[in-house]
2 protein chains.
Amino acid sequence: MKELIAKYREKGFKLTPQRIAILKFLDGNTSHPAANDIYRNIKKDYPTVSFATVYNTLQALRDRREVAEITIDFQKKHYDPDLRPHHHIICTECNKIADVFQDYSEALRLPYHIKDEFQATANHVNFYGICKKCQKIKKGGTKLCA
Amino acid sequence: MKELIAKYREKGFKLTPQRIAILKFLDGNTSHPAANDIYRNIKKDYPTVSFATVYNTLQALRDRREVAEITIDFQKKHYDPDLRPHHHIICTECNKIADVFQDYSEALRLPYHIKDEFQATANHVNFYGICKKCQKIKKGGTKLCA
DNA sequence: ATTTAGATTAGAATGATTCTAATATTAGAA
DNA sequence: TTCTAATATTAGAATCATTCTAATCTAAAT
C-alpha cells in the first residue's frame, strides 16, 4: 500500500484521503467497477465524499494512463486498473464483466485502406455471452445474477 | 424503397410515416448515427416527432435484429443498419466511425476457461485511432473535424 | 366504416456524467 | 513548523442520453 501511495506521489498526483481510498479500492480490483460502485464503496469510510471527487479522480487517473475506461456496457462506463493489454466478456443478462487474457494482437491487423485513413492507437475486443449462473436461471425462469 | 416497406410490414412492423422516415434514413446509411442524429434528421420532415418515437423505433428494430447497437463511443450509443458481421474504428478526436470489414472470426477464439464460464453469443472489435483530417489539424493546433 | 392493437406525442423522470463556485487541503518552500 | 500556491473537495445545479407515462391517435385487418 505504501508503495502504491509513493508511486502516485512521484507522478505529481496530489494525494488526499479520499483519493487514497479510491486507489486502494481499485488496486488489484478485477470487478470492473462503474463510477457508482466506487462512490458507494468510498462513502462507507468518507460519508461526505461527492461524485465529483470520484469522477475527478477517475479523470486524473485516466489522463495519466493509470486506469482504463471500458465501453463494453451499453449503460455506463466501467474502470479497470489492470493495464496489461487484454479484452473483456460481458454477461448480457447480469452485466458481469470478466477478463480475457488472450493475445490477439497479431490477428487484429487492419486492412490497408483503413491504415491509410486512420493512425490506429488501440483496439479492444468485446465479447458478449451468458454466464453460467444466468444460464441456470434462464432455464428456471426469472433473471437475476450476482 | 417499396421493398423496404414491404419487408418490414411482413415482419408485423406497423408502418407509420415517422417510422418510414427513420427506415429511409437508416437504409444504406454508413454514418453510424446516434439517436440524436436520427431525431434531427426526421424532425426536418416531421417537426412534431418526439424522441420517444425515435427510441421506440430503434428498440423495435433492435429487438427484431434489424439494426445493431454499437458501444464504441464513450458518450452514447450508435446505430448501424448494416448487419453483416464487421467491426469499427473510431477517431478519438472527432468521433467519426468507420467500418472494418475484416473477418477475424477464426482468430477470436476464446480460451477454454472462459468458454467454460460463458456461453458466448457475439464479439465485436473496437479500434481507436486518429483520422487523416484530425491528424492534419492536430499538427496545426486546434482540434475539429467533420 | 369499425375496431383494436399498437404507435405518437409532450413532457416528466431517471441515471450517468460534468460543471460551478465556494471552501479546504496537500505538498513544497521559507 | 508555518506559509503559500496550486490543486482537491463539496453540495448542488446543469447537462445529456435514455426511458417512462398517460392521453391521444392511427395503421391495417375485418
Side-chain angles (χ1 to χ4, degrees), chain A residues 2 4-25 32-64 66-67 69-79 95 97, chain B residues 2 4-23 25 32-43 45-64 66-67 69-79 95 97:
Chain A
K2 290 257 175 61
L4 186 68
I5 290 172
K7 172 184 152 194
Y8 282 100
R9 214 190 301 266
E10 269 169 31
K11 303 206 178 194
F13 192 74
K14 194 178 272 187
L15 285 169
T16 63
Q18 294 90 332
R19 286 194 163 182
I20 291 171
I22 293 174
L23 291 176
K24 267 189 188 168
F25 178 66
H32 309 88
N36 189 249
D37 302 318
I38 299 170
Y39 175 73
R40 281 206 322 275
N41 188 279
I42 305 312
K43 213 174 169 59
K44 284 184 215 157
D45 285 326
Y46 299 90
T48 68
V49 77
S50 82
F51 262 108
T53 296
V54 172
Y55 278 108
N56 284 344
T57 303
L58 285 171
Q59 187 180 355
L61 290 171
R62 191 201 311 150
D63 290 351
R64 283 154 221 255
E66 295 291 339
V67 292
E69 224 172 51
I70 301 170
T71 60
I72 195 171
D73 183 338
F74 285 94
Q75 315 309 319
K76 53 188 178 292
K77 296 175 197 166
H78 290 257
Y79 295 88
N95 297 322
I97 298 174
Chain B
K2 290 256 176 56
L4 186 67
I5 290 171
K7 172 184 154 194
Y8 283 100
R9 214 187 304 265
E10 269 170 30
K11 303 205 177 194
F13 192 73
K14 194 179 273 188
L15 284 169
T16 64
Q18 295 90 330
R19 285 194 163 183
I20 290 170
I22 293 173
L23 291 176
F25 178 67
H32 308 87
N36 188 247
D37 302 318
I38 299 170
Y39 174 74
R40 280 206 322 276
N41 189 279
I42 304 314
K43 211 174 168 65
D45 287 325
Y46 299 90
T48 67
V49 77
S50 82
F51 262 107
T53 298
V54 172
Y55 278 108
N56 283 344
T57 303
L58 286 172
Q59 188 181 356
L61 291 171
R62 192 201 311 150
D63 290 350
R64 284 155 220 255
E66 295 291 338
V67 292
E69 223 172 51
I70 301 170
T71 59
I72 195 171
D73 182 339
F74 285 94
Q75 315 310 318
K76 52 188 178 291
K77 295 174 198 167
H78 291 257
Y79 295 87
N95 296 324
I97 299 173

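All of these numbers come straight from a predicted model, not from anything done at the bench. These numbers come from the heavy atoms of this one structure, side chains and all, not from hydrogens, waters or symmetry mates.
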Q) A:Asp73 CG to D:dA17 C1': how many Å, rounded? A) 14 Å

Q) Can you tell me how far C1' of C:dA7 sits from CG of B:Leu61, to the nearest Å? A) 13 Å

(Q) Could you tell me how far apart B:Asn56 (CG) and D:dT18 (P) are, to the nearest whole angstrom? (A) 14 Å

**Q.** Below 4.0 Å: OP1/OP2 of C:dT17 and any side-chain N or O of A:Tyr55
**A.** yes

Q) When we call it a touch if two heavy atoms are under 4.0 Å apart, what does B:Ala35 touch: a base, just sugar-phosphate, or nothing? A) sugar-phosphate

**Q.** Between C:dA7 (P) and B:Ile22 (CD1): distance, integer Å
**A.** 12 Å

Q: Kindly say if B:Lys43 contacts the phosphate of C:dT9, meaning a side-chain N or O under 4.0 Å from OP1 or OP2.
A: no

Q: May I ask you to say what A:Thr48 touches in the nucleic acid, namely base, sugar-phosphate or nothing, with a heavy-atom cut-off under 4.0 Å?
A: sugar-phosphate

(Q) As a quick check of understanding, evaluate side-chain contact (heavy atoms from CB on, under 4.5 Å) for A:Arg62 and A:Tyr79, giving each step before the final call. (A) CA-CA 9 Å; A:Arg62 191 201 311 150; A:Tyr79 295 88; 4.0 Å; yes

Q: Indicate the atoms forming the closest heavy-atom contact of A:Asp73 with A:His78, along with that distance.
A: OD2-NE2, 2.9 Å

Q) Quick one: B:Phe74 CZ to C:dT18 P, roughly how many Å, whole number? A) 11 Å

Q) What is the nucleic acid contact for A:Thr53, judged by heavy atoms within less than 4.0 Å: base, sugar-phosphate only, or nothing? A) base

Q: May I ask you to say what B:Pro47 touches in the nucleic acid, namely base, sugar-phosphate or nothing, with a heavy-atom cut-off under 4.0 Å?
A: nothing

Q. Yes or no on side-chain contact (heavy atoms from CB on, under 4.5 Å) for A:Leu58 and A:Ile38, after CA distance, side-chain angles and deciding distance?
A. CA-CA 10 Å; A:Leu58 285 171; A:Ile38 299 170; 3.9 Å; yes

Q: Determine the contact category for B:Ser50: base if any of its heavy atoms lies under 4.0 Å from a base atom, sugar-phosphate if only primed atoms, P, OP1 or OP2 are that close, otherwise nothing.
A: base

Q.
Under 4.0 Å from OP1 or OP2 of D:dA27: is there any side-chain N or O of B:Arg19 that close?
A. no

Q: Consider the side chain of A:Ala52, meaning its heavy atoms from C-beta on, and name the nucleotide among D:dT9, C:dT9, D:dA11 that approaches it most closely.
A: D:dA11

Q. Rounded to the Å, how far apart are B:Lys76 NZ and D:dT15 P?
A. 17 Å

Q: Applying side-chain contact (heavy atoms from CB on, under 4.5 Å), run through A:Tyr39 and A:Thr53 and close with a yes or a no.
A: CA-CA 9 Å; A:Tyr39 175 73; A:Thr53 296; over 6 Å; no

Q: For the residue pair A:Ile5 and A:Leu23, establish whether any side-chain heavy-atom pair is separated by less than 4.5 Å.
A: no

Q: Decide whether a cation-pi geometry holds between B:Arg19 and B:Phe13; the criteria are a distance under 6.0 Å from NZ or CZ to the six-membered ring centre and an angle within 45° of the ring axis.
A: yes

Q) Do any side-chain nitrogens or oxygens of A:Gln18 fall under 4.0 Å of OP1 or OP2 in C:dT25? A) no

Q: Name the closest nucleotide to the B:Pro17 side chain, picking from D:dA27, D:dT10, C:dT17.
A: D:dA27

Q) Quick one: the side chain of B:Lys14 and the base of C:dA5, do they pair up donor-acceptor inside 3.5 Å? A) yes

Q: Using a cut-off of strictly less than 4.0 Å, decide whether B:Thr16 has a side-chain nitrogen or oxygen near OP1 or OP2 of C:dT8.
A: yes

Q. B:Leu58 has an atom CG; how far is it from atom P of D:dT18, in whole Å?
A. 9 Å

Q) How many Å lie between CG on A:Asp63 and P on D:dT7, as a whole number? A) 14 Å

Q: Quick one: look up who C:dA30 pairs with, Watson-Crick or G-U, both distances under 3.5 Å, and put none if it's unpaired.
A: D:dT1

